[in-house]
Amino acid sequence: MRTYLLPEEGRFYKANLHCHSTLSDGDLTPEQLKEAYKRKGYSILSITDHERLNNHSYLDDEDFLTITGFELEVLEKSELPNKLKRTCHINFFAKDRNNTSLFAFDTMYFWRQDPEKVKQLKHTGPDDYERVYSAEGVNEVLRLAKENGFLSSFNHPQWSLQNYEDYRDYEGFTMMEIYNFSSDIDGSFAYAAKDYDNMLRDGKRLFVCATDDNHNRFPEGHPHCDSFGGFTFIKAKELTYEAVINALEKGDFYASMGPEIYELYVEDGKVHLTCSPAQRISMTPKGRNFECVSAREGEFVTEAVYELNDLQHEEYFRFEVIDGRGKRAATRAYYLDEMGLK
């Protein structure tokens, strides 16, 4: 019997789940962003402006869908300059596309704007909520997000100057950015596999996405253009808001800088993965039972098979596909108890 880890039904839709427009600090309008991303083969875009929550469904068509979302910050309070302070940036995605009420509403984050005018923005809860940079403070924001019907993404921990001690006690994230293209363009360490493994080994069950976090200061084709470098392939039955949100809630997606994963399933005690041409397909478990399928020089691999018996003492496993340019695709962690194997 074959059990699919990435669903058999539906199709993969290419998505950018972290994007900024002229409504906050981006240089392209929402309309320009749609035109650029649709032209590059994307089907889904979440315009996650800073502290701005807008329904962009007016951009939708039969081949393109927007996800209602925004980016929230929880900044360390200290006398240090802002660029030396630790921070936690979180993207929130509304399960109901018409839900445009901000929460954890702290006027401090509307820099150099009249607090009384800011309070007129649609929001739930008090006007003077104080975000506290601590595990408890972040977890309280995540609790409010869940109560208000939002999924969440833990963004770019390295850019945010966050270490293991900062994020080890976070609870309730839906996913995290394992790759942030804008951070890569800026020169930050943008691939957060170590942070993801740290959270998994501490018992956090969360998924992974890859994003652009684009602001478009530079035109397409410029080496510092921050669009089209990190994306998420979402497997959904159809390109509708309900189907895509359902896929995000279930973890039916993977992160990529380029490689594509076509199938991932379990059959006859083995895990099978097929993908676009790659130099290496690796499996990372909780413990040390790492396995890797590598191509010979001048060749490539497109599939890997791993024995589940070798993983009987493990709790979970995840996969990475690395192509000839060093670009990676990464799956979420899949748990043996999900598959009825533990």
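What you see is a predicted model, and the numbers here were worked out from it, not measured in a lab.
Formation of a donor-acceptor pair under 3.5 Å by the Arg332 side chain with backbone atoms of Gly251 is found in this model. No side-chain donor-acceptor contact under 3.5 Å links Asp166 to the backbone of Ala135. Without hydrogens or angle criteria, Ser276 side chain to Glu260 main chain gives a donor-acceptor distance under 3.5 Å. Glu177 places no side-chain N or O within 3.5 Å of a backbone atom of Thr211 that could act as its donor or acceptor partner. Side chain of Thr48 to main chain of Phe70: no donor-acceptor pair is present (N/O by atom type, distance under 3.5 Å, no hydrogens or angles).
Taking the six-membered ring for Trp, Phe150 and Phe93 have ring centres at least 6.0 Å apart. Residues Phe319 and Tyr334 place their aromatic rings such that the two centres sit no closer than 6.0 Å. Aromatic ring centres of Phe253 and Phe233: separated by at least 6.0 Å. You'll find the ring centres of Phe317 and Tyr335 outside the 6.0 Å limit.
A side chain to side chain contact (heavy atoms under 4.5 Å, CB included) with Cys19 holds for exactly one of Thr66, Leu45, Leu28; it is Leu45. Considering Leu17, Ile178, Asn16 as possible partners of Thr232, the one that fulfils the side chain to side chain contact (heavy atoms under 4.5 Å, CB included) test is Leu17.
With a 4.5 Å cut-off on side-chain heavy atoms, Glu299 and Arg296 count as touching. Residues Glu267 and Thr3 are not in side-chain contact: their nearest non-hydrogen atoms beyond the backbone lie 4.5 Å or more apart. When side chains are defined from C-beta on, Glu220 counts as touching Arg39, because their heavy atoms get closer than 4.5 Å. Counting only heavy atoms from C-beta outward, the side chains of His272 and Val266 never approach each other to under 4.5 Å. Using a 4.5 Å heavy-atom threshold, the side chains of Glu249 and Leu151 count as touching. For the pair Phe181/Asn214, no side-chain contact is recorded, criterion being any heavy-atom separation below 4.5 Å from C-beta on. Taking 4.5 Å as the limit, some side-chain heavy atom of Leu200 sits within range of a side-chain heavy atom of Arg318. Proximity of Cys225 to Pro219: side-chain heavy atoms (C-beta onward) are nowhere separated by under 4.5 Å.
Taking the six-membered ring for Trp and thresholds of 30 and 60 degrees, His50 and His20 have nearly parallel ring planes, at less than 30 degrees apart.
In this structure, the ring-ring contact (aromatic ring centres under 6.0 Å, His included) partners of Tyr37, at least two apart in sequence or on a different chain, are Tyr42, Phe228.
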_Quick one, Ser24 with Asp49, criterion side chain to side chain donor-acceptor pair (under 3.5 Å). Give me CA distance, side-chain angles, the key distance, then yes/no._
CA-CA 5 Å; Ser24 62; Asp49 280 305; 2.4 Å; yes

*Can Tyr191 and Asn180 be said to form a side chain to side chain donor-acceptor pair (under 3.5 Å), step by step?*
CA-CA 7 Å; Tyr191 192 63; Asn180 181 288; over 6 Å; no

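Salt-bridge formation is detected for the pair Arg217/Asp27: a Lys NZ or Arg NE/NH1/NH2 atom is positioned less than 4.0 Å from an Asp or Glu carboxylate oxygen.
Here ring pair (Phe, Tyr, Trp, His ring centres under 6.0 Å) pairs that include residues 119-141, with residues two or more places apart or in two chains, are Phe105-His123.
Remark: the Glu71 side chain and the Asn155 side chain contain an N/O donor-acceptor pair separated by less than 3.5 Å.
The minimum heavy-atom distance between Asp212 and Gly230, with the atom names listed, is OD1-N, 2.9 Å. When all heavy atoms are compared, the tightest approach of Tyr306 to Glu291 is CD2-OE1, 3.3 Å. Nearest approach of Arg201 to Pro285, heavy atoms of both residues: NH2-O, 3.8 Å. Here the closest heavy-atom approach between residue Gly172 and residue Ser152 is recorded as O-OG, 3.6 Å.
Other residues, nucleotides and ligands contribute only 12 or fewer heavy atoms inside 6.0 Å of the NZ atom of Lys40. When the shell of 6.0 Å around CD of Glu242 is examined, it contains 12 or fewer heavy atoms from other residues, nucleotides or ligands.
Hydrophobic clustering of Ile, Leu, Val, Met, Phe, Trp and Tyr side chains at less than 4.5 Å, counting indirect connections, keeps Val208 apart from Leu5. If you chain together hydrophobic residues whose side chains sit under 4.5 Å apart, Tyr196 and Tyr164 fall into the same group. Criterion: ILVMFWY side-chain heavy atoms under 4.5 Å apart, direct or through other members. Under it, Val74 and Val118 are part of a common hydrophobic cluster. Under a hydrophobic-cluster definition in which Ile, Leu, Val, Met, Phe, Trp and Tyr are linked whenever side-chain heavy atoms come within less than 4.5 Å, directly or via other members, Phe231 and Ile44 are assigned to different clusters.
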